[in-house]
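Beneath this line is the structure, given in structure tokens, with notes to follow.
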Amino acid sequence: MKLSEYVTHDALGLAALVARKDVTPHELAELARDAIAAVNPAIGAVVEHWPLADAGHASVDGPFAGVPFLIKDLAIAMAGKRLELGSRLAAGLVAPGDSSLMQRLRAAGLVTLGRTATPEMAFSTATESLQQGQTRNPWDTRRSAGGSSGGAAAAVAAGIVPLAHATDAAGSIRVPASFTGLFGLKSTRGRVSNGPGLDEVFAGLGVQGGLSRTVRDSAALLDAIHGTAAGEPYHTARPAQPFLAEVGRDPGRLRIGLMLAPWNDGAVSQVVTDATTDAARKLEALGHHIDLQRPDLGVSWDAFVHANAQIWCATLVNWIDAIAVQTGRRVDADTLEPATLAAYRYGQRVTGAAFAAALDVRNAVTRATAGWFDNADVIMTPTMPDLPEPVGTYAAGAGQMDGLAWTARVFRHSPFTPAFNVAGLPAMSVPMATAPAGPHAGLPIGIQFGAGFAQEATLLRLAGQIEQAHPWADRRPAVWAGRT
């Protein structure tokens, strides 16, 4: 198989070739390494990769048997491999064993060949760090790939692997999916294990998942990894049937609530507004009912951001202190970036009472969002309010911010996505549009859809219908491994 052929297949397609013995896992691993060599210097997506011999055991019977895979440098542990969280503080840290999710990825047959870039501690929606450098968008390398799963997104979008591990605590799957033209699904709270080391991840805001070029790959991945271990703090019941079986099923005539303005009343660029309204017209043509809505968040935007800052920053204190003990390094400006250090210091001042109050806000949002689905099956928004920003601009002025101000910046950058994390609801970004002719022509624009608790099936049916009616598989970014 040639590299130009490898990049045309999704993960399930490659697995089918392996099953038929048309190609071997070794050949696929070498092709993935060739793809890294071809495009990674331009995009900075992969921070470490290794040969197949170092990938460890993966099942030969799983649905993705033999398929090359990459894990994010955060929230997942692979025995004997570094887990550095994009931070100088954690440089050289090695995981002693597999996390629960890593065990399931191996059982699925995925062959993990490297780590992808993340911003420090994932506390950003742009993937740029002092420890790992800048990750650039394959569609325009002057622009951000988003974050915090930007390395994963850039790798998949550029053809290095068809599917990659990602996480999402405020939009970190959906943001880079939107910026790089991928499908990204954030699952329901308690759907996938974060254990044993990170059971709650920001008090239940963070989930594990992946980024892909096809809906069926994400569905099959969720089938492979869903379920939590005994004793974990959140648990969502198994689906009635496999998620993959939902892709291709008729979603029926859905009631779709269209929200065009974010809860912070921030600006949305005209190109994004136009793309979203055009996407709504396409959905109407598919038989769905669109109703312009303004869903109630349950609290003010300022209260929402403040509660998230309390939860995020207080949680960071425990992470950072534990890493400092393991590495023997001091927590200071030599080991943490300005924004992370500010968040750490802010978190040290969060009292137990303040943290409890933040959880009350989380619960108020959860109750308010439940009401969204009394009159709608799905809520539709832009994934992002604007096109990707230029690389290197996101963190400007971070040295003058405290943890609350930094959290406000992160949420202002991506104001449509965090509510679904706080409420624990499933949401996805679908690559339904591109910027029209002009200086930004061809840049991807994702449309976000969210559903009620444990309703991934509704989203996957809708995504499959959109993918069939308005396919995106033939779109190719400027940096694409298949061109070499």
Side-chain angles (χ1 to χ4, degrees), residues 3 6-7 10-11 31-49 68-74 86 112-120 122 124-129 131-168 171-184 209-214 217-218 383-384 387-394 413-414 429 431 434 442-446 472-473 475-484:
L3 188 55
Y6 164 78
V7 296
D10 68 359
L31 286 164
R33 286 167 57 82
D34 289 346
I36 292 171
V39 301
N40 200 56
I43 58 176
V46 181
V47 296
E48 182 189 14
H49 63 281
F69 192 68
L70 298 168
I71 55 173
K72 184 176 177 178
D73 186 32
L74 182 133
T112 301
L113 298 172
R115 296 181 293 138
T116 59
T118 180
E120 187 169 58
S124 174
T125 40
T127 303
E128 303 173 14
S129 73
Q131 201 259 349
Q132 296 177 346
Q134 298 170 327
T135 298
R136 297 173 178 271
N137 196 320
W139 294 86
D140 180 349
T141 55
R142 298 168 297 180
R143 294 181 178 271
S144 171
S148 65
S149 303
V156 173
I160 292 174
V161 289
L163 178 68
H165 165 249
T167 68
D168 192 318
S172 290
I173 287 174
R174 291 157 288 154
V175 172
S178 178
F179 279 180
T180 62
L182 300 177
F183 179 73
L211 284 152
S212 66
R213 296 196 293 268
T214 65
D217 273 358
S218 285
T383 304
M384 295 296 289
L387 299 174
E389 72 280 355
V391 169
T393 61
Y394 185 99
H413 182 250
S414 178
S429 182
T434 57
L443 280 177
I445 298 172
W472 56 79
R475 299 177 194 163
R476 296 288 182 261
V479 179
W480 177 245
R483 291 198 173 92
T484 60

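FYI, side chains are in, hydrogens and waters are out, and symmetry mates aren't considered; it's all heavy atoms of this structure.
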Validation row: His49, Arg33 side chains within 4.5 angstrom (heavy atoms)
yes
Please step through side chain to side chain contact (heavy atoms under 4.5 Å, CB included) for the pair Arg213 and Leu182, ending with a clear verdict.
CA-CA 5 Å; Arg213 296 196 293 268; Leu182 300 177; 3.8 Å; yes
Under the side chain to side chain contact (heavy atoms under 4.5 Å, CB included) test, which residues partner Gln134, sequence neighbours left out?
Glu128, Arg136, Val391
Any non-hydrogen side-chain atom of Met384 less than 4.5 Å from a side-chain atom of Thr125?
no
Atom pairs and distances, donor-acceptor, side-chain atoms in residues 39-48, under 3.5 Å, two or more places apart:
residue, atom, partner, partner atom, Å
Asn40, OD1, Ala45, N, 2.8
Asn40, OD1, Val46, N, 2.8
Asn40, ND2, Val46, O, 3.0
Glu48, OE1, Arg115, NE, 2.8
Glu48, OE1, Arg115, NH2, 2.9
Glu48, OE2, Arg82, NH2, 3.4

Backbone N/O of Gly209 and side chain of Asp168: donor-acceptor pair under 3.5 Å:
no
Side-chain donor-acceptor distances from residues 146-156 under 3.5 Å, at least two apart:
residue, atom, partner, partner atom, Å
Ser148, OG, Lys72, NZ, 2.6
Ser148, OG, Ser172, OG, 2.9
Ser149, OG, Lys72, NZ, 3.0
Ser149, OG, Thr167, N, 3.2
Ser149, OG, Thr167, O, 3.0
Ser149, OG, Ser172, O, 3.0

Sequence-distant partners of Ser212, side chain to side chain donor-acceptor pair (under 3.5 Å), two or more places apart:
Ser218
Glu389: which residues meet the side chain to side chain donor-acceptor pair (under 3.5 Å) condition with it, sequence neighbours left out?
Ser144, His413
Answer yes or no: is there a side-chain heavy-atom contact under 4.5 Å between Phe69 and Leu163?
yes
For Pro444, check side chain to side chain contact (heavy atoms under 4.5 Å, CB included) against everything at least two apart and list the hits.
Trp139
Distance (rounded to the nearest 0.5 Å) between Leu387 CG and Phe179 CZ
7.5 Å
Output all residues satisfying side chain to side chain donor-acceptor pair (under 3.5 Å) with Thr434, sequence neighbours left out; order by chain, then residue number.
none
Mind checking side chain to side chain contact (heavy atoms under 4.5 Å, CB included) for Ser429 and listing every partner two or more places apart, or none if nothing turns up?
Arg174, Ala177, Ser178, Thr383
For Arg142, what residues pass the side chain to side chain contact (heavy atoms under 4.5 Å, CB included) criterion, not counting sequence neighbours?
Asp140
Of all the heavy-atom pairs spanning Ala11 and Asp217, show the shortest one and how long it is.
N-OD2, 2.6 Å
What is the minimum heavy-atom distance between Pro68 and Leu113, and which atoms define it?
CB-CD1, 3.8 Å
Minimum heavy-atom separation for Ala35 and Ala481, please, with both atom names.
CB-CB, 3.8 Å
Correct closest heavy-atom pair for Tyr6 and Gly159 would be CE2-O, 3.6 Å
Listed once per pair and sorted, the salt bridge (Lys or Arg N to Asp or Glu O under 4.0 Å) pairs that draw on residues 150-164, sequence neighbours left out
none
Less than 4.5 Å apart, side chain to side chain, heavy atoms only: is that true for Thr214 and Trp472?
no
Can you name the nearest heavy-atom pair linking Arg476 to Ala473, along with the distance?
NH1-O, 2.5 Å
Shortest non-hydrogen contact between Thr118 and Gln132, atoms and distance:
N-OE1, 3.0 Å
Look up atom CG in Asn137 and atom OG1 in Thr135, then write down how far apart they are to the nearest 0.5 Å.
10.5 Å
